[in-house]
Amino acid sequence: MALIGWILSFIFLFAGLALRQDMPDGGSGILSTLLLAMALLACPMLWRDSPLGISRGQRIAAALILIFSMPLILLPTA
C-alpha cells in the first residue's frame, strides 16, 4: 500500500510542477496547487505516524473532495 502511495505522490508532484511551469490560461494555477496538495496527502513518509492527528480516512476524504471540486474550479467565469 505504501508503494501505491509513493507512486501517486510522485505522479501528483510532477504533474503539479509541470503545470506550474507551463501555466497555460484558465485555472491552471489553482489546478497545480490542488495537485501539489494531493501529492502531500498521498506521501506515505509524512503520514506514517499521523503527526497532525489526521487519520487515513480523513486524508482519503480530503483527496476525494479535491478531486470532485476540480470541475467547479475549471468552469469558465463569465
Side-chain angles (χ1 to χ4, degrees):
M1 198 65 180
L3 181 64
I4 294 171
W6 279 112
I7 291 170
L8 287 176
S9 180
F10 281 120
I11 288 171
F12 292 139
L13 176 69
F14 292 143
L17 290 176
L19 190 59
R20 189 162 292 232
Q21 181 181 6
D22 191 26
M23 282 295 184
D25 293 334
S28 64
I30 297 171
L31 189 59
S32 67
T33 304
L34 285 176
L35 286 169
L36 292 174
M38 290 286 288
L40 180 68
L41 288 172
C43 185
M45 181 180 70
L46 295 176
W47 302 102
R48 182 173 299 156
D49 299 326
S50 68
L52 301 174
I54 299 173
S55 68
R56 183 181 355 178
Q58 291 169 335
R59 285 189 293 132
I60 291 171
L64 287 174
I65 289 169
L66 287 173
I67 289 170
F68 290 135
S69 68
M70 236 182 275
L72 295 174
I73 294 168
L74 296 175
L75 282 175
T77 57

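Values in this document were obtained by computation on a predicted structure and should not be read as measured data. Index from 1, following the sequence.
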| With Ile65, which residues qualify under side chain to side chain contact (heavy atoms under 4.5 Å, CB included), at least two apart? | none
| How far apart are the closest heavy atoms of Gly29 and Arg20, and which atoms are they? | O-NH2, 4.0 Å
| task | Supply the atom-to-atom distance Leu34 CG to Ile30 CD1, rounded to the nearest 0.5 angstrom. | result | 7.5 Å
| Pairing residues for Ser69 by the side-chain hydrogen bond (donor to acceptor under 3.5 Å, both in side chains) criterion, not counting sequence neighbours | none
Would you give me the side-chain donor-acceptor pairs under 3.5 Å for residues 10-17, sequence neighbours excluded?
none

| What heavy-atom pair brings Ser9 and Ala39 nearest, and what distance separates the two atoms? | OG-O, 3.1 Å
| task | Rounded to the nearest 0.5 Å, what's the gap from CG on Leu64 to CE on Met38? Could you check? | result | 7.5 Å
